Visitor: 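Okay, handing you the structure first.
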Amino acid sequence: YNWNIKYPLLIFVISIKGNNLSRIILASELKKLVSSVFFITSDQFRYVFLNDLIIFISNTSFSADNKSLIENLYENIKNKLNPTELRIAYSNPIGLAHEIPAVFSILSEALHNKQGALTNSNFLNENYVRTISLLKTLDYDKVKSFTYHILNNLIEYEEKTKLPLITTL
């Protein structure tokens, strides 16, 4: 297949609306932008359209600053294609093939369910999405009670010792 993809991989899922380009032209433009932003050749990434999403799998490294790369890609897409809505969700570096389906599921669900509405960011990292998913499953009253209990103990200790512990949190 002429792939030159090596682990670790980066998955990023793009939701783009309102650019009025055909899929062929959109794909061509996105390929150019990904190549230039990530400094990789077209054989080092693959993409596929899946309904209203474009999924990319590309080479990366464990030390790469993927957040900056995604922010740069976002700005380039925004400036070049002028979409009305653009959101990107991206993974942590993926070292094993069996991680890909779960990561893709998490990222695509985040874009579809607008979990990003909890932040003003148009790019969502896998860690953020996983944290929001976890927090949504917690019982608010139990978390509040736990937090109050811990903080109350700190406040009491602070008052007793006259040490400003709360400000160090």
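These figures come from a predicted structure and were not determined experimentally. Heavy-atom basis, side chains included; hydrogens, waters and symmetry copies ignored.
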Visitor: Could you identify which residues cluster with L135, counting Ile, Leu, Val, Met, Phe, Trp and Tyr as linked when any side-chain heavy atoms lie under 4.5 Å apart, either directly or through a chain of such contacts?
Guide: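 Traced through the cluster, L135 reaches L138, V143.
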Visitor: Hydrophobic clusters here meaning ILVMFWY residues chained together by side-chain heavy-atom distances under 4.5 Å, can you tell me if Y7 and W3 are in one?
Guide: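 Yes, Y7 connects to W3 through the hydrophobic network.
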Visitor: The test is side chain to side chain contact (heavy atoms under 4.5 Å, CB included); show your working for I14 and L86 and say whether it passes.
Guide: CA-CA 7 Å; I14 300 173; L86 174 63; 3.7 Å; yes
Visitor: Under the criterion side chain to side chain contact (heavy atoms under 4.5 Å, CB included), I'd like the reasoning laid out for Y90 against E126: C-alpha separation, chi angles, the key distance, then a yes or no.
Guide: CA-CA 6 Å; Y90 65 99; E126 177 186 346; over 6 Å; no
Visitor: Using residues 92-106 as the side-chain source, report each donor-acceptor pair under 3.5 Å to any protein atom, sequence neighbours left out, with the distance given to one decimal.
Guide:
{"unit_1": "N92", "atom_1": "ND2", "unit_2": "N127", "atom_2": "OD1", "d": "2.7"}
{"unit_1": "E99", "atom_1": "OE1", "unit_2": "G95", "atom_2": "N", "d": "3.4"}

Visitor: Test salt bridge (Lys or Arg N to Asp or Glu O under 4.0 Å) on K160 and E156; report intermediate values, then the result.
Guide: CA-CA 6 Å; K160 188 167 67 175; E156 287 175 5; over 6 Å; no
Visitor: Does N66 have any side-chain hydrogen bond (donor to acceptor under 3.5 Å, both in side chains) partners at least two apart in sequence or in another chain, and if so, which?
Guide: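 Result, side-chain hydrogen bond (donor to acceptor under 3.5 Å, both in side chains) vs N66: T60.
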Visitor: Taking side chain to side chain contact (heavy atoms under 4.5 Å, CB included) as the definition, give me every residue that meets it alongside E159, ordered by chain and number, with sequence neighbours left out.
Guide: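 Applying side chain to side chain contact (heavy atoms under 4.5 Å, CB included) to E159 gives I155.
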Visitor: What distance separates E109 CD from L107 CG, expressed to the nearest 0.5 Å?
Guide: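 Rounded to the nearest 0.5 Å, the CD-CG separation comes out at 10.0 Å.
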Visitor: Decide side chain to side chain contact (heavy atoms under 4.5 Å, CB included) for F49 and I55; before the verdict, give the C-alpha distance in whole Å, the side-chain angles of both, and the deciding distance to 0.1 Å.
Guide: CA-CA 6 Å; F49 284 86; I55 300 101; over 6 Å; no
Visitor: Report yes or no: does H112 contribute a side-chain atom to a donor-acceptor pair with the main-chain N or O of S108 at less than 3.5 Å?
Guide: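 Yes, the answer is positive, given that a donor and an acceptor are paired below the 3.5 Å cut-off.
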Visitor: Tell me if a side-chain donor or acceptor on N19 pairs with a main-chain N or O of L21 at a distance below 3.5 Å.
Guide: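 A pair under 3.5 Å: yes.
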Visitor: For the atom pair CD1 (I70) and CZ (F123), what is the distance rounded to the nearest 0.5 Å?
Guide: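 That separation rounds to 9.0 Å.
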Visitor: Taking the side chain as every heavy atom from C-beta outward, state whether L9 and S58 have any pair of such atoms under 4.5 Å apart.
Guide: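 Counting from C-beta outward, L9 and S58 never come under 4.5 Å.
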Visitor: Quick one: side chain to side chain contact (heavy atoms under 4.5 Å, CB included) partners of N4, sequence neighbours excluded?
Guide: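 With neighbours one apart ignored, the set is K6, D43, Q44.
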Visitor: Side chains of E158 and L163: closer than 4.5 Å at any heavy-atom pair?
Guide: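 Side-chain contact under 4.5 Å: no.
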Visitor: Who pairs with F12 by ring pair (Phe, Tyr, Trp, His ring centres under 6.0 Å), at least two apart in sequence or on another chain?
Guide: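 Only F38, F56 meet the ring pair (Phe, Tyr, Trp, His ring centres under 6.0 Å) criterion with F12.
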Visitor: Taking V48 as the starting point, is it possible to reach I57 by hopping between hydrophobic residues whose side chains are less than 4.5 Å apart?
Guide: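 Yes, same cluster.
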Visitor: Can you confirm whether V13 sits close enough to L111 that some side-chain heavy atom of one is under 4.5 Å from a side-chain heavy atom of the other?
Guide: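 In contact.
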Visitor: Which other residues end up in the same hydrophobic cluster as I150, if Ile, Leu, Val, Met, Phe, Trp and Tyr are linked when side-chain heavy atoms come under 4.5 Å apart?
Guide: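 Joined to I150, directly or through intermediates: F146.
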Visitor: Under the rule for side chain to side chain contact (heavy atoms under 4.5 Å, CB included), what residues qualify as partners of D141, not counting sequence neighbours?
Guide: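 By the side chain to side chain contact (heavy atoms under 4.5 Å, CB included) rule, D141 matches D139.
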Visitor: Looking at K80, I'd like to know if its NZ atom is crowded, meaning that more than 12 non-hydrogen atoms belonging to other residues, nucleotides or ligands lie closer than 6.0 Å.
Guide: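 Counting neighbours around NZ of K80, 12 or fewer heavy atoms of other residues, nucleotides or ligands fall under 6.0 Å, so no.
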Visitor: Please tell me if the side chains of I16 and I54 come closer than 4.5 Å, counting only heavy atoms from C-beta onward.
Guide: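 SC-SC contact between I16 and I54 confirmed.
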Visitor: Drop me the distance from I132's CD1 to T137's OG1, to the nearest 0.5 angstrom.
Guide: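 Going from CD1 on I132 over to OG1 on T137, the span is 11.0 Å.
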Visitor: Please confirm whether the backbone N or O of S68 pairs with a side-chain atom of N72, one donor and one acceptor, at under 3.5 Å?
Guide: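 Checking the backbone N and O of S68 against the side chain of N72, no donor-acceptor pair under 3.5 Å is found.
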Visitor: Quick check: do N59 and F45 have side-chain heavy atoms less than 4.5 Å from each other?
Guide: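 No, their side chains stay 4.5 Å or more apart.
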Visitor: Pair N125, K67 - check side chain to side chain contact (heavy atoms under 4.5 Å, CB included), show working.
Guide: CA-CA 8 Å; N125 174 266; K67 180 178 189 247; over 6 Å; no
Visitor: Given side chains that start at C-beta, do those of L30 and L81 come closer than 4.5 Å, heavy atoms only?
Guide: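 Yes, close enough: below the 4.5 Å cut-off.
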Visitor: Should Y74 and R87 count as side-chain neighbours, where that means a heavy-atom distance under 4.5 Å?
Guide: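 Y74 does not reach R87 side chain to side chain.
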Visitor: Could you state the interatomic distance from OH (Y128) to OG (S133), rounded to the nearest 0.5 Å?
Guide: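 Output value for this atom pair is 9.5 Å.
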Visitor: Using the rule that two of Ile, Leu, Val, Met, Phe, Trp, Tyr join whenever any of their side-chain heavy atoms come within less than 4.5 Å, decide whether L154 and Y148 are in one cluster.
Guide: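 No; Y148 is not reachable from L154 via cluster members.
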Visitor: Output all residues satisfying salt bridge (Lys or Arg N to Asp or Glu O under 4.0 Å) with K32, sequence neighbours left out; order by chain, then residue number.
Guide: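 Counting only residues at least two positions away or on another chain, K32 forms a salt bridge (Lys or Arg N to Asp or Glu O under 4.0 Å) with E29.
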Visitor: With sequence neighbours left out, what residues match N82 under side-chain hydrogen bond (donor to acceptor under 3.5 Å, both in side chains)?
Guide: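 Here no residue qualifies.
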Visitor: At their closest point, which heavy atom of L10 faces which heavy atom of S91, and how far apart are they?
Guide: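 Result for this residue pair: CD1-O, 3.1 Å.
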Visitor: Is L73 close to I77 at the side-chain level, that is, under 4.5 Å between some pair of heavy atoms?
Guide: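 Yes - at least one pair of side-chain heavy atoms lies under 4.5 Å apart.
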Visitor: Please list, chain by chain and in numerical order, all residues satisfying side chain to side chain contact (heavy atoms under 4.5 Å, CB included) with N20, sequence neighbours excluded.
Guide: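 Expected list: none.
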Visitor: With Y47, which residues qualify under side-chain hydrogen bond (donor to acceptor under 3.5 Å, both in side chains), at least two apart?
Guide: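 Per chain and number, Y47 pairs via side-chain hydrogen bond (donor to acceptor under 3.5 Å, both in side chains) with no residue.
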